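Here is the structure we will look at.
Hydrogens, waters and symmetry mates are skipped; everything else that's a heavy atom, side chains included, is used. Just so we're clear, the structure is a prediction, and the values are computed from it rather than from any experiment.
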Amino acid sequence: MRRFRVVATCFVVAVLVSGSLLAAEKCAWKSLWDGKTLKGWHQVGDGQWVIEDGAINGKTDKGAKLYGLLVSDKTYKNFTVRFKFKSLKGNSGFYIRTIIEKPDKAKGLQIEIDPRQNVGGIYESYGRQWVDKPSAELVKKCYKLDDWNVMEVSADGGHVVVKVNGTKTAELADDPSRPEGHLAFQMHAGNEMLVMFKDIEIDVKK
């Protein structure tokens, strides 16, 4: 009986350990922002990217001639990325697998970030334009106006899924767009801007 208890205990421990390892493998989140500087990112185009009140703020006092982009130094292929955002003025977006052509062109899939509409939709800049747009009813249900929201974007091959505050807002299957590229936050040209980002994390897939 004692031997049985020892074996059973070892089995339970093994299950718990293996479960913990699987969970760690499943969600290996890594911060993409140190909270203090713009290390790991570089600016392209117009507008200001500054750190204020614990967040990266993108802002302009008036409509800029060029798009303002904050671009990751590294490129990524398959991943899940998540961050908090607050959009107060102007039109913004988040690019995945993008390439940058100077002075201000980010080519690739853009996840819409707008204070009033289409938040969480997918738009291909300099390409197909809208490829999946959420309904106004869905945006109203999941998006918190003038407040902090959580966006999560998963890209695995041609399968791309976008969630806003846990609700799926867009999805692509077998998408033919670029398989690898930079991440980038955007300030739209011609807009007076105020948009904020923080708690930026990524889980890179093998």
Between the main-chain N or O of Met193 and the side-chain N or O of Thr60, is there a donor-acceptor pair closer than 3.5 Å? yes

Who else is in Ile99's hydrophobic cluster (ILVMFWY, side-chain heavy atoms under 4.5 Å, direct or via others)? none

Under 6.0 Å between ring centres: does that hold for Phe83 and Trp33? no

Stepwise salt bridge (Lys or Arg N to Asp or Glu O under 4.0 Å) check, Lys84 with Asp199: CA-CA 6 Å; Lys84 294 178 182 177; Asp199 299 341; 3.3 Å; yes

Say whether, by atom type as modelled, one donor and one acceptor occur between the side chain of His42 and the main chain of Val71 under 3.5 angstrom. yes

Val150 side chain reached by Phe85 side chain, heavy atoms, under 4.5 Å: no

For residues Leu172 and Val119: do they belong to one hydrophobic cluster (side chain heavy atoms under 4.5 Å, members Ile, Leu, Val, Met, Phe, Trp, Tyr)? yes

If you draw a 6.0 Å radius around CG in Asp174, do more than 12 non-hydrogen atoms from other residues or ligands fall strictly inside? no

Between Arg82 and Asp203 (side chain of the first, backbone of the second, donor and acceptor by atom type, cut-off under 3.5 Å), is there such a pair? no

Go through the side-chain N and O atoms of Asn78 and Arg97 and say whether any donor and acceptor fall under 3.5 Å apart. yes

Mark yes or no for whether Asn118, through its side chain, and Gly121, through its backbone, hold a donor-acceptor pair below 3.5 Å. no

Consider only side-chain N and O atoms of Asp175 and His159, and report whether a donor and an acceptor are under 3.5 Å apart. no

Counting N and O atoms only, with roles assigned by atom type, does the side chain of Thr75 sit under 3.5 Å from a partner on the main chain of Gly181, one being a donor and the other an acceptor? no

Let me confirm one number: the CD1-CG distance from Ile113 to Asn91, rounded to the nearest 0.5 Å. 9.5 Å

Apart from Val161 itself, what residues make up its hydrophobic cluster, given side-chain heavy atom links below 4.5 Å? none

In this structure, CG of Asp114 is separated from OG of Ser92 (nearest 0.5 Å) by 9.0 Å

Would you say the side chain of Thr98 lies within less than 4.5 Å of the side chain of Leu109, judging by non-hydrogen atoms? no

Flag side-chain contact, heavy atom, 4.5 Å: Ile96 against Phe79: yes

How close do Asp46 and Ala64 get, heavy atom to heavy atom, and via which atoms? CB-CB, 3.6 Å

With salt bridge (Lys or Arg N to Asp or Glu O under 4.0 Å) as the criterion, how do Glu192 and Lys89 come out once you've worked through the C-alpha distance, each side chain's angles and the decisive distance to 0.1 Å? CA-CA 6 Å; Glu192 182 181 351; Lys89 293 182 182 179; 3.2 Å; yes

Minimal non-hydrogen separation, Ala189 against Lys65, with atom names: CB-O, 3.7 Å

Side-chain contact, heavy-atom cut-off 4.5 Å: Trp49 with Ile56? yes

Would Val162 and Tyr76 show up in the same hydrophobic cluster when neighbours are defined by side-chain heavy atoms closer than 4.5 Å? yes

Looking at Tyr67, is its backbone amide N or carbonyl O close enough to the side chain of Asp104 to form a donor-acceptor pair, meaning the two atoms are under 3.5 Å apart? yes

Does the side chain of Lys205 reach to within under 4.5 Å of the side chain of Thr80, using non-hydrogen atoms? yes

Side-chain heavy atoms nearer than 4.5 Å, only ILVMFWY residues, links allowed to pass through others: does that put Ile200 and Met151 together? yes

Is the His182 to Tyr95 ring centre distance short of 6.0 Å? no

Would you call Lys30-Glu201 a salt bridge at under 4.0 Å N-O? no

Do Glu124 and Arg128 sit within salt-bridge range, that is, some charged N less than 4.0 Å from a carboxylate O? yes

I'd like to know whether NZ of Lys86 has more than 12 heavy-atom contacts from other residues, nucleotides or ligands below 6.0 angstrom. yes

Flag yes if more than 12 heavy atoms outside Asp61 fall under 6.0 Å of its CG atom; otherwise flag no. no

Under a 4.5 Å cut-off applied to non-hydrogen side-chain atoms, are Glu112 and Trp130 in contact? yes

Just how far is it from atom NZ of Lys140 to atom CD of Gln117, taken to the nearest 0.5 Å? 14.5 Å

Would you mind listing the cluster partners of Trp148? Hydrophobic ones only (ILVMFWY), side-chain contacts under 4.5 Å, chaining allowed. Leu88, Leu194, Met196

When Leu69 is tested against each of Gln186, Gln43, Met187 for side chain to side chain contact (heavy atoms under 4.5 Å, CB included), which residue passes? Gln186

Can you find a pair of side-chain heavy atoms, one from Val81 and one from Phe94, that are under 4.5 Å apart? yes

Heavy-atom closest pair, residues Ser125 and Ala106: CB-O, 3.4 Å

Using a 6.0 Å cut-off, check whether atom NZ of Lys141 has over 12 heavy atoms from anything other than its own residue. no

State, without any angle test, whether Asn165 and Asn149 hold a side-chain donor-acceptor pair at a distance under 3.5 Å. yes

Closest contact, heavy atoms only, Ile111 versus Val153: CG1-CG2, 4.0 Å

Under a 4.5 Å cut-off applied to non-hydrogen side-chain atoms, are Tyr123 and Gln129 in contact? yes

